[in-house]
Amino acid sequence: MSKRIVIALGGNALGNNPEEQLLAVKSTAKPIVDLIEEGNEVIICHGNGPQVGMINLAMEEASKSNAIIPEIPFPECNAMSQGYIGYHLQNALREELIKRDIKKPVATVITQVIVDKNDTAFQNPTKPIGAFYTKEEAEILEKEKSYVVVEDAGRGYRRVVPSPLPIRIVEEDIIKTLTKASHIVIAVGGGGIPVIEEENSLIGVSAVIDKDFASEKLAEVVEADYLIILTAVEKVALNYGKENEKFLDTISIYEVKQYIKEGHFARGSMLPKVEAAIKFAESKEGRKALITSLEKAKEGIEGKTGTLIV
Ligand SMILES: Nc1ncnc2c1ncn2[C@@H]1O[C@H](COP(=O)(O)OP(=O)(O)O)[C@@H](O)[C@H]1O
Ligand SMILES: NC(=O)OP(=O)(O)O
């Protein structure tokens, strides 16, 4: 039976530079179009951590070394990352749809998401963006650019920026209208451009919303049946990476909450996915959240793999 599915694409679906991204989105498009071919309605959301960091750094360096290049504020970098990723993704999907003779238009909606200006996240940056650095490089960046740089789960050092929670998707009606018209929509890219509401204006802020939480919000708004979070692992694990690692199949909200308390999910990587999955499964009877890898998306939705939270 056909389902309405919000897909949240993780970093490995996109690559680290334009060349890699063009290649990555080609393979990303295939499992997504598999789901569309089977009659499902699909809405796509994606991350932007590496990309927005790269754009922001490039803009800073360019304006520093060339007087005619203006300073580009962080919210504009967020918007650029949505356009850059959406452009590649929508073309890859378009190509794959044409190959299979499926006539559906694809559109990227530049999406803003309202956040609370008093969100405590603004005082405590946690969202890793951009490239990985060595300890020495990190120290130079902290000194010269006043970046906040932290160690990222044993993988190196990364700049972190505030990550407020999403409150409301500004363009939600447009997304719903396009979805109802059977168009394929890419929206809330990079978690959306965070904005605060001031009377009639929306003011962009320097932050990056977690795309897992923003995708969850999107899934509720479009009344999706499924939220599928695609990442690098096929299943969520207990004791991840340890000798007694155990992969999870179908689990209840109650069980996952217990596992969170026991500290099984890494902050900044698996924890937001699991929390977003719980929030969606809790939002209405029958809603399900699946965490699996891009390659296993089709089997996951067929109930053959992945971690399903119900
Ligand atoms: N308990 C866990 N089970 C599975 N993976 C985990 C767990 N804890 C941490 N991880 C790590 O989290 C990663 C997913 O987070 P991340 O790389 O930030 O996601 P994204 O795909 O959104 O970029 C997995 O690839 C895995 O390395
Ligand atoms: N915005 C966001 O969550 O990006 P990543 O998934 O790349 O961290």
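Counting starts at 1 for both ligands and their atoms, following the listed order. Numbers here are sequence positions counted from 1. Just so you know, these numbers use all the heavy atoms, side chains as well, and skip hydrogens, waters and symmetry mates.
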Pair [X] + [Y], salt bridge at N-O below 4.0 Å:
{"X": "R267", "Y": "E275", "value": "no"}
{"X": "K304", "Y": "D249", "value": "no"}
{"X": "E60", "Y": "K64", "value": "no"}
{"X": "K99", "Y": "E95", "value": "no"}
{"X": "R100", "Y": "E37", "value": "yes"}

message = Can you tell me how far apart NZ (K104) and CD (E41) are? Round to the nearest 0.5 Å.
response =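 Answer rounded to 0.5 Å: 7.0 Å.
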query = Do E171 and T111 have side-chain atoms, one donor and one acceptor, less than 3.5 Å apart?
reply =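 Checked: E171/T111 side chains show no N/O donor-acceptor pair below 3.5 Å.
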Near ligand 1, at a heavy-atom separation below 4.0 Å: residues by chain and residue number =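 Residues near ligand 1: G10, G11, R155, K211, T231, A232, V233, K235, V236, A237, Y240, H264, F265, A266, G268, S269, M270, K273.
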inquiry  = Give me the atom names and distance for the closest heavy-atom approach of A281 to I309.
reply    =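 So the minimum-distance heavy-atom pair works out to CB-O, 3.8 Å.
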Quick check for students: name every N or O atom pair between ligand 2 and the protein closer than 3.5 Å, with distances.
unit_1	atom_1	unit_2	atom_2	d
ligand 2	1 (N)	N48	OD1	3.0
ligand 2	1 (N)	G190	O	3.2
ligand 2	1 (N)	I209	O	3.0
ligand 2	3 (O)	K127	NZ	2.9
ligand 2	3 (O)	K211	N	2.8
ligand 2	4 (O)	N48	N	3.0
ligand 2	4 (O)	G49	N	3.3
ligand 2	6 (O)	K211	NZ	3.1
ligand 2	7 (O)	N48	N	3.3
ligand 2	7 (O)	G49	N	2.8
ligand 2	8 (O)	K127	NZ	2.9

query = Does atom CD of E19 have more than 12 heavy-atom neighbours, drawn from other residues, nucleotides or ligands, at distances under 6.0 Å?
reply =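 No.
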